Amino acid sequence: MTESKRIYRSDLRQEQARRTRVQVLEAATRCFLERGYAATTMREVAEAAGVSVPTVFAQGGKAALLLACVDRALVGSDEERAVRELGPFADLLAAPDRAGRLAALHRLASQSAAGTLAMQDAFAAAAAADPEVAGPYAEYERRRRADMTVLVRAFADDLRDDLDLESAVDVFWSVFSPATQSRLIRGCGWPPQRYADWLPGAVERLLLR
């Protein structure tokens, strides 16, 4: 077998594996949102994806599958890259001035409010009820805080005089959280776009001078 054929077959296998993972994650997302995490079985995910149960387990256990679904919702694609490297988050970090960063924050909030709230709610509910999910959820919160630190650092030159970076991160991580987003959109009936429109001004009032 020639080297080019080996590379072709290797690339084909990788593409098949990627497609299978996408099938499983899409099916798992539907199951978790429709049935809830606790009521969803790996067999149901396999049936929804049209694959075998061992194929589903090859993507990880049930808790790992839930975390992968949350990551996929946050990133908005099948790219296995950090949120901060993609889309509006990357635009915010690259923006040359405060106005550009706030505009990118608005786009980031629009994307988040429209596409990730249901999955994040399901994740939080599962973590509260299942010790197996509590660990991945704690890791997700650790990563979210790390991302928020990067985001707030982009505004470092504009922070209020009475806020150091760590305090500003504390405020952003706590106030602009998925829980707050859920309360405003689900609890108070805000349309997702209203939340996105509110966020940049709230950041200015709370954190910036």
Side-chain angles (χ1 to χ4, degrees), residues 13-89 108-109 111-151 169-170 172-187 192 195:
R13 283 195 297 269
Q14 289 177 0
E15 177 60 18
Q16 289 172 335
R18 188 195 69 80
R19 290 181 181 178
T20 297
R21 181 169 177 80
V22 168
Q23 282 179 251
V24 171
L25 292 181
E26 287 180 345
T29 296
R30 292 195 301 272
C31 290
F32 291 145
L33 293 180
E34 292 170 5
R35 300 180 176 88
Y37 175 81
T40 295
T41 67
M42 297 294 262
R43 182 172 297 279
E44 288 172 334
V45 173
E47 291 173 355
V51 300
S52 68
V53 174
T55 297
V56 174
F57 274 103
Q59 310 303 320
K62 187 175 169 183
L65 203 59
L66 178 60
L67 181 58
C69 290
V70 173
D71 281 343
R72 188 169 183 265
L74 289 171
V75 170
S77 74
D78 299 315
E79 295 188 67
E80 295 187 5
R81 293 168 61 188
V83 174
R84 69 184 73 167
E85 297 176 358
L86 298 168
F89 203 132
L108 181 63
Q111 175 181 296
S112 172
T116 68
L117 182 57
M119 200 67 243
Q120 291 184 102
D121 280 353
F123 194 19
D130 189 336
E132 185 183 5
V133 186
Y137 187 76
E139 169 62 15
Y140 161 74
E141 282 292 282
R142 185 197 66 76
R143 283 165 37 197
R144 187 172 73 83
R145 184 179 176 93
D147 286 339
M148 295 306 95
T149 300
V150 172
L151 188 153
V169 172
D170 289 344
F172 195 98
W173 182 72
S174 300
V175 176
F176 306 111
S177 66
T180 300
Q181 187 183 62
S182 183
R183 287 190 191 100
L184 290 174
I185 293 175
R186 299 195 188 284
Y195 171 82

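The figures that follow rest on heavy atoms only: side chains count, while hydrogens, waters and symmetry mates do not. Here the structure is a predicted model, which means the values were calculated and not measured.
For the atom pair CE (M119) and OG1 (T29), the distance works out to 5.0 Å, reported to the nearest 0.5 Å. From R144, atom CZ reaches atom OG1 of T149 across 10.5 Å, with rounding to the nearest 0.5 Å. Distance check: C31 SG to L65 CG gives 9.5 Å after rounding to the nearest 0.5 Å. Within the model, atoms CG of D121 and CZ of R186 stand 4.5 Å from one another, a figure rounded to the nearest 0.5 Å.
Between M42 and F57 the shortest heavy-atom distance is CG-CZ, 3.6 Å. Taking both residues in full, the closest heavy atoms of T180 and V175 are given as OG1-O, 2.7 Å, listed atom of the first, atom of the second, then distance. Annotation for L25 and C69: closest pair O-SG, 3.6 Å, computed over non-hydrogen atoms. For A63 against P136, the heavy-atom pair with the smallest separation is CB-CG, 4.2 Å. Minimum heavy-atom separation, M148 to W173: CG-CD1, 4.3 Å. Closest of all the heavy-atom pairs between T40 and K62 is O-NZ, 2.6 Å.
A salt bridge between D147 and R142 is absent, with no side-chain N of the basic residue lying under 4.0 Å from a carboxylate O of the acidic one. Residues E44 and R35 are paired through a salt bridge, judged by an N-O separation under 4.0 Å between the basic side chain and the carboxylate. Note on R143 versus D71: salt bridge recorded, some NZ/NE/NH1/NH2 to OD/OE distance being below 4.0 Å.
S174 contributes a side-chain N or O that, together with a main-chain N or O of D170, makes up a donor-acceptor pair within less than 3.5 Å. A donor-acceptor contact shorter than 3.5 Å is absent between the side chain of T55 and the backbone of V51. S182 places no side-chain N or O within 3.5 Å of a backbone atom of P178 that could act as its donor or acceptor partner.
By the ring-ring contact (aromatic ring centres under 6.0 Å, His included) test, F123 pairs with Y137, Y140, sequence neighbours left out. By the salt bridge (Lys or Arg N to Asp or Glu O under 4.0 Å) test, R19 pairs with E15, sequence neighbours left out.
At least one side-chain heavy atom of L108 sits less than 4.5 Å from a side-chain heavy atom of L151. E26 has its side chain within reach of R72: a pair of non-hydrogen atoms, C-beta onward, lies under 4.5 Å apart. In this structure the side chain of E132 reaches within 4.5 angstrom of the side chain of Y37, judged on heavy atoms.
By the 6.0 Å contact criterion, CZ on R43 is open, its count of non-hydrogen atoms from other residues, nucleotides or ligands being 12 or less.
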